[in-house]
Protein chains: 2
Amino acid sequence: MTTKADTYLLENNVNPSYQRVKIMEYLLRKKNHPNIDMIFNNLKKEMPKLSKTTIYNTLKLFIKRNLVSPLTIEDNMLRYDADTKIHGHFKCINCGIITDINLDLKNMNRDELPGYTIFEHHVNFKGRCNKKSCNKKSFNKNKNGNTNWEKSA
Amino acid sequence: MTTKADTYLLENNVNPSYQRVKIMEYLLRKKNHPNIDMIFNNLKKEMPKLSKTTIYNTLKLFIKRNLVSPLTIEDNMLRYDADTKIHGHFKCINCGIITDINLDLKNMNRDELPGYTIFEHHVNFKGRCNKKSCNKKSFNKNKNGNTNWEKSA
DNA sequence: TTGTATATTTGCAACGATTACATTTTTTAT
DNA sequence: ATAAAAAATGTAATCGTTGCAAATATACAA
Ligand SMILES: [Mn+2]
Ligand SMILES: [Mn+2]
Ligand SMILES: [Zn+2]
Ligand SMILES: [Zn+2]
């Protein structure tokens, strides 16, 4: 069967193997900014033989073909975004959800950087989202006194 | 002897031990955005007994006291900045140097994230700086065909 | 001074995300 | 059908970081 992801990969000179199509479909459908484990745990339900190495290899290929942008919003793991347009991200330190932010880079950068060539724009904010369960008054702490998505002190 | 870093730590409720003062002095003096190894390799010349764990512990303490900001501009290691004012960074993918960028976030779209509280601003650009040796025409490649500071494809 | 509690440093083991690599499986071409 | 090429898989290795227990330094009372 020919899916949307299938033709998308073909258009970008990526051989649409079964695994590659499934991984791209996941990214396009969920639009969450998943890490490797999120992709793996979701897809292994219908692909029991799937290897994590395949996901690493596939995403590295997608990045090289500019179909995916890596997100360095976490300090210990990468996240991946099938939206390669320039935009920013907000990560809630309580619930962990990563939200897209529209950027106006023109009046954000005050420096000239003459002669510099910029290839990648990474704009990441962190804080608390507007969900009631993420507000200061009632945010969840674990046994270490940290919020859900913070690492232990 | 009482140095500038010494009193700076005292003012911020950090016990100015010998190692902590040396690490803070390094950050304030070099103003490069070093990773752990850069700090370690520099300081071990005058502190042969220095442990890398001490540097990790010290920087974690500095971050908690808001004396240092962690930079997630690399995907596999943290860098550290003793300038905690809001500003952005540019990293040259050829020479690796990280330059400060002044930011103007005031007229950023605030109604985009209603009810959100932002604690951290991370703005990182990547590209080629204006040094002649970093320009497209003459940039250095290693045996893997990558530039000096890129990882192997 | 001496002893004792506390703070800090050190060295090494353990952890986890990522990568290297050899093997197996699938696809393509002849 | 056969061989070659491409892709996927499993496992070991890498490396930045953290956990932890022992060693050292500091503070402070007796
Ligand atoms: Mn996004
Ligand atoms: Mn800086
Ligand atoms: Zn939230
Ligand atoms: Zn450069």
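Throughout, protein chains are lettered first and strands after them, A, B, ... in sequence-line order, and every chain is numbered starting at 1.
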- Would you say C:dT18 has OP1 or OP2 under 4.0 Å from some side-chain N or O of A:Lys60? no
- A:Met77 CE to C:dT18 C1', straight-line distance once rounded to whole Å: 11 Å
- Message: Would you say B:Thr53 places a side-chain N or O within less than 4.0 Å of OP1 or OP2 belonging to C:dC12?
- Response: no
- Item | Partners meeting salt bridge (Lys or Arg N to Asp or Glu O under 4.0 Å) with A:Lys85 (sequence neighbours left out) | A:Asp83
- C:dT18 phosphate, OP1 or OP2, under 4.0 Å from A:Tyr56 side-chain N/O: yes
- Hits for side-chain hydrogen bond (donor to acceptor under 3.5 Å, both in side chains) against B:Asn41, two or more places apart or cross-chain, chain-then-number order -> B:Lys44
- Once you round it to whole Å, what is the distance between P of C:dA17 and CG of A:Asp75? 12 Å
Output a table of nitrogen or oxygen pairs between the protein and nucleotides 23-28 of chain C separated by less than 3.5 Å.
none

- Item | Euclidean distance, atom CD1 of residue B:Ile73 to atom P of D:dG16 [Å, nearest integer] | 17 Å
Contacts table for residues 26-40 of chain A: side-chain donor-acceptor under 3.5 angstrom, sequence neighbours left out:
| unit_1 | atom_1 | unit_2 | atom_2 | d |
| --- | --- | --- | --- | --- |
| A:Tyr26 | OH | A:Asn32 | ND2 | 3.3 |
| A:Lys31 | NZ | A:Leu28 | O | 3.2 |
| A:His33 | ND1 | A:Ile98 | O | 3.4 |
| A:His33 | NE2 | A:Asp81 | OD2 | 3.1 |
| A:His33 | NE2 | A:His89 | NE2 | 3.2 |
| A:His33 | NE2 | A:Asp100 | OD1 | 3.0 |
| A:Asn35 | OD1 | A:Asp37 | N | 3.2 |
| A:Asn35 | OD1 | A:Met38 | N | 2.8 |
| A:Asp37 | OD1 | A:Lys52 | NZ | 2.9 |

- Message: Listing request: all ring-ring contact (aromatic ring centres under 6.0 Å, His included) pairs with a residue in residues 51-70 of chain A, at least two apart in sequence or in separate chains.
- Response: none
- Between C1' of D:dA8 and CG of A:Leu59, the distance in whole Å: 14 Å
- If we ignore angles and hydrogens, is there a donor and acceptor under 3.5 Å between the side chains of A:Gln19 and A:Thr58? no
- residues 115-124 of chain B vs salt bridge (Lys or Arg N to Asp or Glu O under 4.0 Å), sequence neighbours excluded, gives none
- Ignoring backbone atoms, test whether A:Gln19 places a side-chain nitrogen or oxygen under 4.0 Å from the OP1 or OP2 oxygen of D:dT9. yes
- Query: To the side chain of B:Ile36, which of D:dT17, D:dA8, C:dT10 is closest?
  - Reply: D:dT17
- Query: Between atom CG in A:Leu50 and atom P in D:dA7, what is the gap in whole Å?
  - Reply: 16 Å
- Could you please name the option among C:dT10, D:dA8, C:dT8 that lies closest to any side-chain atom of A:Arg20? D:dA8
- Gap between atoms CE and C1', on B:Met47 and C:dG11 respectively (whole Å): 16 Å
- Along DNA chain D (nearest heavy atom to each residue), the more 5'-positioned of B:Asp37 and A:Thr54: A:Thr54
- Round to a whole Å and report the spacing from CG of A:Leu9 to C1' of D:dA7. 14 Å
- Message: Would a single hydrophobic cluster contain both A:Ile73 and B:Met77, if residues Ile, Leu, Val, Met, Phe, Trp and Tyr are joined by side-chain heavy-atom contacts under 4.5 Å?
- Response: no
- Note on the structure: Between NZ of B:Lys22 and P of C:dT10 the distance, given in whole Å, is 13 Å
- Task: Could you check which of D:dA8, C:dT10, D:dT9 has an atom nearest any side-chain atom of A:Asn57?
- Result: D:dT9
